[in-house]
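Heads up, the thing below is written out as structure tokens.
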Amino acid sequence: MKKSNLRYTLLLLAGLGLAAPTLYSCNSKSTKTEENTTSTSNEETNANMSIQKESFGKTKDGTEVQLYTLRNEKGVEVKITNYGGIVTSLITPDKNNKPGDVVLGFDNVEGYQSDAYLKSGPYFGALIGRYGNRIAKGQFTLDGKTYTLAKNNGANHLHGGIKGFDKVVWQAEEVPGQQALKLTYVSKDGEEGYPGTLTTHVTYTLTPDNELRIDYEATTDKATPINLTNHSYFNLAAGQAPDALGHILTINADRYTVVDASLIPTGELRPVKGTVMDFTQPTAIGARIAQVEGGYDHNYALSNTDGSLKQAATVYEPTSGRVMEVSTTEPGIQFYSGNFLDGSLTGKNNTAYKKHYGFCLETQHFPDSPNQPSFPSTILKPGDTYKTSTIYKFSVKDQAAQ
Ligand code: GLA
């Protein structure tokens, strides 16, 4: 469809009183006919297509927030709101080319702000900062000074505190020529107890190869701990299975960080070999979960990390044929099997999110690193730039003949 035709169609829709989302100069196909006649490559078409923006409602304090849609030519569609940088929906085709939403979340901002949601704190799809995972007793000492952080997980600090990066409004901008959204948030000196003004940019890019790429970047004016991640819950069956326990998971990690009862690392890195923690060979999430007290909620120390992008995990869901590969520059990945979901939250498509309905693979540095001198450092210093990247790539196995 030509630009002028599309504009005309939108005007017509608006004239008819239909809610049409704002589209910026979309040059790409939007009809089946055009798909058959288009002569540009996927890459070119994808680059020419601007992203869609629509209202996602108002936050409790009255701030208007937006929902952005990234799309590629292979039928993948990602929706992201600048409230918390949350990935609200991620549609990928299954082995029969049937689209399905593979992440947990809500259709509007109220869902992410309800009392029930805030009480149970699942962090669906959100950007997590300044520090993903726990900091023991909400305290650390840096350059001789002790800092006290907000405690929001018993005695500990979790996922950036009471109002972490998952609950703030990010400034959003389109990245020209790409299916990408750049989010920026400036965290003030002292926010949630952290030192320094921290400027964070997170860019979500949907590539023509069905990758959702997340690039994190940050600078600070005082030394501060930082450990950014995304907290998406996946269920690759997209409603075709009762829970996520049938997903076949592989994690490229020979060791994990042992934790105490409050999920704070003891400092020990323990080999997974011969234990229920071993996912070095493809294994169903549910195969041994009954033997893991509370379910999986552990940081795996990835093997062969050197700061470049390396494959960290692979997930295969047999009913849909969907495959998700996770690559990251990070040294760790938190595998969380949705243990605290209890059915009390109902999300998109009227789905009750019961225990183990979704799982997370949060790429990260290790938990409580500011208090663990033997773990890779998470301290960002003024003049340095924090840079990490993670890719979630989607494909299918056992594809039906088209
Ligand atoms: C992380 C934590 C879990 C839990 C979830 C959110 O994965 O490690 O213990 O807090 O986030 O519910």
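As the structure lists them, so they are numbered: ligands from 1, and atoms in each ligand from 1. Positions are given from 1, in the same order as the sequence printed here.
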Just distances here: any N/O of H159 and N/O of ligand 1 closer than 3.5 Å?
yes
Note: heavy atom closest to atom 7 (O) of ligand 1, options E362, Q334, R134, belongs to E362
Ligand 1 and H231, any nitrogen or oxygen pair closer than 3.5 angstrom?
yes
F279-Y296 aromatic ring centre distance below 6.0 Å
yes
Answer side chain, backbone, both or neither: which part of Y233 comes under 4.0 Å from ligand 1, heavy atoms only.
side chain
What about H159 and Y123, are their ring centers closer than 6.0 Å?
yes
Could you tell me whether F56 and Y83 have their ring centroids closer than 6.0 angstrom?
no
Counting only heavy atoms closer than 4.0 Å, does ligand 1 sit against the backbone of L263, its side chain, both, or neither?
side chain
For ligand 1, is any non-hydrogen atom under 4.0 Å from L158's backbone (N, CA, C, O), its side chain (CB onward), both, or neither?
side chain
Aromatic ring proximity Y392/F234, centre distance under 6.0 Å:
yes
Between I214 and Y204, is a side chain to side chain contact (heavy atoms under 4.5 Å, CB included) present by the stated rule, with each step listed?
CA-CA 5 Å; I214 315 177; Y204 284 106; 3.7 Å; yes
Can you tell me if CZ on R255 sees more than 12 non-hydrogen neighbours from other groups inside 6.0 Å?
no
Under 4.0 Å from one or more heavy atoms of F340, ligand 1 contributes atoms 4 (C), 9 (O), 12 (O)
For D101 and R322, what are the C-alpha separation, side-chain angles and deciding distance, and is it a salt bridge (charged side-chain N to carboxylate O under 4.0 Å, His left out)?
CA-CA 11 Å; D101 192 345; R322 286 193 183 86; over 6 Å; no
Should D297 be counted as touching ligand 1, given the test is an N or O pair under 3.5 Å?
yes
Got the closest protein heavy atom to atom 12 (O) of ligand 1, with its distance?
G121 O, 3.4 Å
